[in-house]
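Taking it in order: structure first as structure tokens, then the write-up.
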Amino acid sequence: MSFVKNLQFLYHQAKITSILVMINVAWFIISRLLDMRGLSDFGQSRFLIDWGAAIAQLTFSGEYWRLFTNIFMHVGLAHLAMNMLALWSIGVILEKLIPPFAFIGIYLLSGLFGSLASDVATIHINVISCGASGAILGIITALLAYSLINRTDLQEMPIKSIVVSLLLTAGLGLLPSVDNMAHIGGALTGFILGGLITLCLRKFRYQSQICTVLTVLIFATASLILYWGYQHYQHDYLISGYKY
């Protein structure tokens, strides 16, 4: 019972972060229970692709949804554990500072832009990419932007959590099927979005209608840029005649 109570306590401390962690863990478990290829090295690559990992040749052939599903796919238990530890250590902090939908938007858009950056970098190479690290780095850099804009004192900045999360996600770059371009794309997206939303929060009240509208506009603009980027590189890919 104490274990259940601890889980309930953690959930109430950071509901959105807890839900994101649970989704990632659930997808990891369910996909492997339904497809035994995920439990062995044999057929691992095919398993990752079939369950939503990104590979540029498929993404730009029209399977745009891989930009999203790839964020929730993980190569193995170590990959999942390191990502979830990084997400938890920083998510519980940022979640208390910005509106819930802003947190979710930064997480998802950072992951999507990270996926796009990864696919663009490997557009003519058969490389499988997956993992939530691009989205997580977006959360980390968003917190960094928040701290810098609000001129948070060095003693008050969550330096330990930021460093731990960065070390965990940086270490993932050494694992197979993890593309560092996703890290860069996610980190840049998170910093920009986090900075813009922080400026809105400084100018207007936390739950003001103006702040909400501006945040929606920021996310809408980012989504349009993401769509344009995908269309642009898909067109170039199809014109080149490269086949998977």
Side-chain angles (χ1 to χ4, degrees), residues 20 24 45 48-49 51-75 79-80 82-83 86-87 90 94 103-145 162 165-197 218-240 242 244:
L20 288 172
N24 278 280
S45 296
L48 292 172
I49 294 173
W51 283 87
I55 181 167
Q57 290 77 24
L58 294 178
T59 302
F60 292 122
S61 293
E63 298 182 10
Y64 55 85
W65 45 267
R66 289 184 181 276
L67 296 174
F68 176 78
T69 56
N70 141 63
I71 302 172
F72 297 94
M73 281 297 298
H74 290 85
V75 179
H79 187 197
L80 174 71
M82 292 174 72
N83 262 338
L87 173 57
I90 215 74
L94 183 63
F103 183 94
I104 297 171
I106 292 173
Y107 182 88
L108 292 178
L109 283 168
S110 296
L112 289 168
F113 273 100
S115 297
L116 181 62
S118 174
D119 283 342
V120 169
T122 59
I123 196 167
H124 294 311
I125 310 171
N126 291 331
V127 174
I128 302 172
S129 178
C130 62
S133 47
I136 296 167
L137 273 166
I139 293 297
I140 297 172
T141 54
L143 177 60
L144 181 60
I162 292 175
S165 296
L166 285 173
L167 287 175
L168 286 170
T169 48
L172 290 171
L174 302 176
L175 293 175
S177 299
V178 180
D179 193 337
N180 285 310
M181 281 305 298
H183 294 176
I184 296 172
L188 288 175
T189 302
F191 189 80
I192 294 170
L193 293 178
L196 292 174
I197 290 171
I218 290 170
F219 288 155
T221 302
S223 299
L224 287 174
I225 293 172
L226 179 72
Y227 175 78
W228 175 85
Y230 175 81
Q231 290 290 323
H232 172 76
Y233 286 104
Q234 182 190 39
H235 178 265
D236 287 351
Y237 170 78
L238 295 176
I239 289 297
S240 70
Y242 188 90
Y244 170 60

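Annotation: Tyr64 is not in aromatic contact with Phe68 [ring centroid separation under 6.0 Å not met].
At least one side-chain heavy atom of Leu193 sits less than 4.5 Å from a side-chain heavy atom of Leu109. In this structure, the side chains of Phe103 and Leu20 come closer than 4.5 Å at one or more pairs of heavy atoms. By the 4.5 Å heavy-atom criterion applied to side chains, Ile140 and Ile136 are counted as neighbours. Residues Phe219 and Ile197 meet the side-chain proximity criterion, which asks for heavy atoms closer than 4.5 Å. Side-chain contact between Phe113 and Ile225 is present, with at least one heavy-atom pair separated by less than 4.5 Å.
Here the CG atom belonging to Leu188 is positioned 6.0 Å from the CD1 atom belonging to Ile192, to the nearest 0.5 angstrom. In this structure, the separation between CD on Gln234 and CD on Glu63 is 11.0 Å, given to the nearest 0.5 Å. The distance from the CH2 atom of Trp65 to the CG atom of Asn70 is 10.5 Å, given to the nearest 0.5 Å. Atoms CG and CG, on Leu58 and Asn126 in that order, are 8.5 Å from each other to the nearest 0.5 Å. The OG atom of Ser129 lies 10.5 Å from the CD1 atom of Ile71; values are rounded to the nearest 0.5 Å. Here CG of Leu94 is found 9.5 Å from OG1 of Thr141. Values are rounded to the nearest 0.5 Å.
Scanning both residues, Met181 and Ser118, for their nearest heavy atoms gives CB-CA, 3.9 Å. Taking every heavy atom of both residues into account, Ala132 and Asn24 meet most closely at CB-OD1, 4.1 Å. Of all heavy-atom pairs spanning His74 and Leu48, the tightest one is O-CD2, 4.0 Å. Nearest heavy-atom pair across Gly134 and Ser110 is O-CB, 3.8 Å. Residue Cys130 comes nearest to Ala53 through the heavy atom pair CB-CB, 3.9 Å, listed as atom of the first residue, atom of the second, then distance. Across all their heavy atoms, His79 and Gly131 have their closest contact at CE1-CA, 3.8 Å.
With Ser45 as the partner, the side chain to side chain contact (heavy atoms under 4.5 Å, CB included) test is satisfied by one option alone out of Val75, Ile55, Ile128: Ile128.
Listed by chain and residue number, Thr59, Leu112, Ser115, Leu116, Asp119, Tyr230 satisfy the side chain to side chain contact (heavy atoms under 4.5 Å, CB included) test with Leu67 (two or more places apart in sequence, or in another chain).
Taking the six-membered ring where the residue is Trp, Phe60 and Tyr233 present tilted rings, their angle falling between 30° and 60°.
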